Amino acid sequence: MKKLNAYFEKKLQELKNDEMQLAAYNSLDNTVVIAGPGSGKTTVLTLKVMQLLEQYITDPRGLACLTYSTEAAREFKDRLKKLGLQKRKNVFLGTVHSFCLSEIIIPFARLYPKYKIPQPIKIISEKEKNKLFVDQQYEGEPKLVDVDKERTRNIKGISRVAIESYDVALRAAIHFEELLFEKGYIDFISMVKLSVEMISNEAYIRKALEAKYPWIIVDEYQDLGKPLHEIILTLLNSTKIKVFAVGDSDQSIYGFQGAAPDYLLELSEREDINRIFLKNNYRSSQTIVDASQYVLNSTRGYIASGKFKDYDADLEFFECSSGMNEQYEKAMELINEFHKNGVPYHEIAVLVGSNNNIADLSELCSSNNIPTYSSRQTFRTTDLTIWLQMCAKWVIDKQKSSFDDICFAWKNFIAHKYSVDEDEFISIRKNLYTILNESISYENNLAQWLSYIYESIDITDIFDGSEKYPDEMENLKKLNEFLDDAPMPLSIKFLAQLGTPENQVVLSTRHSSKGLEFDVVIMLGMEKDSFPSYYDKTERELDEARRLCFVAVSRARKKCILIRSQRLPNKYGKWFAKDPSPFWIALKEFQENRKQ
């Protein structure tokens, strides 16, 4: 093995101090790592990737690391680069969708015409997909999100997990999937479902994957749903590929996208799987750890093991007489109090139920001179926005971003429309270097900087009507609208630091808080029918709401505050008395038991 860099050595030594992390790192069998909040799962994953590539996988073979989102993939790449990962062929780091498209659909679709995959491959944009769906006027008026969920789960495979279907949405799902094919499109769901079918049926495809990827690493397994689960089960049963998966069924909170904790549980219970449970929580105090477990109605045995393990943490409860505005005012009062006592703004998070709550709270904070950062913008983090962020970082500080990475990423964008030889690539590099250096004159106005970049390298020519990147131009439009609506011009520093609040209070929905951590977490909307939602009726939905509360509480290191209203209006403006959320009741019971 090559000499390790200092950062790798440091992280490896930290890992060796945790018996279970070390067991996961040393496991060379099929492995599932059950990683609770704050247990260091990303460190385990990234060190595992480095270990396999340096010690056990001989070039030109590699591995595939599958993540939940583009943002997660980017973070993973950044961490691996910091650990010293060198560029190497046959190393895939990206989402399940991008893996299925680049490694299965594109290379094998023409070889197997029986699957009737439209040629050329055209991915429908979200805008076109929404219009096509609305035009159908399906009986019962199911929502597209419910139809897509049923499409995701409606797969014939080898998993024994059975999840009840919503019949109205299921009927629409079957027709809508056929309609997409008739129109010559695939979408992100169908590309994964087609990949499941092709891998299951075609030995040649399985052999090709086995030759290229002796290991498949999966992050956040509980979030990735049935299609990925069927792929993994098939590869385990029919190839020599080994699997290293990390996840936590207690943090499965994306049921609306088709995810369920059942799939991770089924995988972990296989006889050919080495199951490892990470019990040490390096984030929170023991009080917060215990409180989060109390919400689950189950003790997982988590042990606070970080620097805050003995911190005298506390849960606080505040009741407002009526309305969300009182809750917002109380939150601002608490923020000011914590900040006055030395807590940085970015170490305070306010978790709410919806993006509308975020918008209202953000406006109120702004009028009271409290800087805020929304964990979810109106535009999405995509391949192109990540590339623009890399460019912004490089313009500000050439040590913060790699110009080589910027150029290779741009070459990949161009390649889906035009072939690029070596001489042309040199010319592209020179042109990019000149454009980015000259763009510094617009650094104080992000909208002007983006406009200059768009025009100088003709973003529209590459992405408008793109079959591979169908949503990028629409997403850029949303980014421009976001900048137009900003109360004052934003500098390119905003884009460079996107995802990293700087002295700003973080406003987030409960779902979007997953993966984040703060000294203080303030949870609003703790009424019955608000959390869990009035629409959460089934046992499965209520269990997921309970897991969502577990996730929200476990974001805190030192303090968790819950706020509720005694009265709230309905959509017609009529006020009703509101009982506390069952989670409020449970956590208050925990607090009272603790003080006895």
Side-chain angles (χ1 to χ4, degrees), residues 10-11 13-15 17-21 35-44 248 250-251 277-296 298-318 330-351 373 375 500-501 503-508 510 513-524 526 547-563 583-584 586-596:
K10 176 177 177 290
K11 301 306 289 184
Q13 189 55 50
E14 290 174 1
L15 176 143
N17 293 328
D18 185 313
E19 181 181 356
M20 291 297 97
Q21 286 189 6
S39 61
K41 63 102 177 169
T42 305
T43 296
V44 172
D248 180 11
D250 291 334
Q251 296 186 70
F277 185 17
L278 302 185
K279 291 189 176 183
N280 290 324
N281 181 311
Y282 295 99
R283 172 188 301 155
S284 307
S285 70
Q286 190 64 53
T287 299
I288 299 294
V289 171
D290 292 343
S292 65
Q293 292 182 99
Y294 198 83
V295 168
L296 283 176
S298 181
T299 300
R300 298 295 191 242
Y302 293 128
I303 303 167
S305 304
K307 62 181 180 180
F308 300 118
K309 62 181 180 180
D310 298 321
Y311 185 86
D312 187 20
D314 198 13
L315 279 75
E316 288 191 58
F317 303 81
F318 294 95
K330 186 62 184 180
M332 287 193 298
E333 177 188 324
L334 291 167
I335 290 166
N336 283 326
E337 182 181 329
F338 284 121
H339 189 61
K340 193 178 296 183
N341 290 330
V343 180
Y345 279 134
H346 61 267
E347 287 294 356
I348 304 171
V350 184
L351 308 188
Y373 176 89
S375 65
T500 308
N503 197 32
Q504 297 163 296
V505 175
V506 174
L507 309 181
S508 174
R510 303 176 194 115
S513 71
K514 188 166 175 288
L516 306 178
E517 56 184 69
F518 308 91
D519 282 353
V520 177
V521 168
I522 303 171
M523 296 169 60
L524 306 189
M526 297 301 296
R547 295 194 296 272
L548 180 57
C549 190
F550 166 76
V551 168
V553 173
S554 62
R555 300 309 93 196
R557 298 190 190 100
K558 300 178 179 179
K559 200 172 195 66
C560 184
I561 296 170
L562 291 81
I563 304 177
F583 308 138
W584 167 289
L587 288 166
K588 202 157 193 181
E589 182 181 83
F590 165 82
Q591 183 78 334
E592 289 168 357
N593 291 342
R594 177 172 166 264
K595 289 182 176 179
Q596 289 177 1

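Counting begins at 1 with the first residue of the sequence. It should be emphasised that the depicted structure is a prediction, and the values quoted were computed from it without experimental measurement.
Here the CZ atom belonging to F317 is positioned 11.5 Å from the CD1 atom belonging to I563, to the nearest 0.5 angstrom. Here the CG-CD distance, from L548 to Q251, works out to 11.0 Å after rounding to the nearest 0.5 Å. Atoms OG and NZ, from S39 and K279 in turn, are 12.5 Å apart once rounded to the nearest 0.5 Å. For the atom pair CD of E14 and OH of Y282, the computed distance is 9.0 Å after rounding to the nearest 0.5 Å. Here OH of Y311 is found 7.5 Å from CG of D519. Values are rounded to the nearest 0.5 Å. Atom-to-atom distance recorded for S305:OG and L278:CG is 11.0 Å, nearest 0.5 angstrom.
In this structure a side-chain-to-backbone donor-acceptor pair under 3.5 Å is present from R555 to L516. Counting only distance, with no hydrogens or angles, the side chain of S508 and the backbone of S513 share a donor-acceptor pair below 3.5 Å. Panel note: side chain R283, backbone S554; a donor-acceptor pair is recorded below 3.5 Å. A distance-only check finds no donor-acceptor pair linking the side chain of S298 to the backbone of L296 [under 3.5 Å].
D250 approaches R547 most closely through the heavy-atom pair O-CB, 3.3 Å. Of all heavy-atom pairs spanning F590 and T287, the tightest one is CZ-O, 3.6 Å. Closest non-hydrogen pair, A304 versus S284, comes out as CB-O, 3.4 Å. When all heavy atoms of W584 and L562 are compared, the pair lying nearest together is CZ3-O, 3.5 Å. Pairing each heavy atom of M523 with each of A552, the nearest pair is CE-CB, 3.8 Å. Across every non-hydrogen atom of V44 and Q21, the tightest pair is CG2-CG, 3.6 Å.
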What's the verdict on side chain to side chain contact (heavy atoms under 4.5 Å, CB included) for Y294 and E589, showing C-alpha distance, side-chain angles and the deciding distance? CA-CA 9 Å; Y294 198 83; E589 182 181 83; 2.3 Å; yes

Applying salt bridge (charged side-chain N to carboxylate O under 4.0 Å, His left out) to E337 and K340, what does each step give before you reach the verdict? CA-CA 5 Å; E337 182 181 329; K340 193 178 296 183; over 6 Å; no

Test side chain to side chain contact (heavy atoms under 4.5 Å, CB included) on I335 and I522; report intermediate values, then the result. CA-CA 9 Å; I335 290 166; I522 303 171; 4.2 Å; yes

Show your reasoning for whether side chain to side chain contact (heavy atoms under 4.5 Å, CB included) applies to F583 and V553. CA-CA 10 Å; F583 308 138; V553 173; over 6 Å; no

Side chain to side chain contact (heavy atoms under 4.5 Å, CB included) assessment of I288 paired with R557: CA-CA 7 Å; I288 299 294; R557 298 190 190 100; over 6 Å; no

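Y302 has its ring centre less than 6.0 Å from the ring centre of F277.
Under the side-chain contact (heavy atoms from CB on, under 4.5 Å) test applied with I348, the options L507, V343, I561, V521 reduce to a single match, V343.
A heavy-atom distance below 4.5 Å is not found between the side chains of P37 and V551. At a threshold of 4.5 Å between non-hydrogen side-chain atoms, the residues Y373 and H346 do not count as touching. You'll find the side chain of L587 reaches within 4.5 Å of the side chain of V295, heavy atoms only. Under the 4.5 Å side-chain criterion, counting only non-hydrogen atoms from C-beta, Q286 is in contact with I303.
The environment of K588 atom NZ is dense: over 12 non-hydrogen atoms of other residues, nucleotides or ligands sit within 6.0 angstrom. Enclosure of atom CG in N17 by more than 12 non-hydrogen atoms of other residues, nucleotides or ligands within 6.0 angstrom is indicated.
Comment: D18 does not engage K11 in a salt bridge, judged by the lack of any side-chain N to carboxylate O separation of less than 4.0 angstrom.
Under the 3.5 Å distance criterion, with hydrogens and angles disregarded, a donor-acceptor pair is assigned to the side chains of D314 and Q591.
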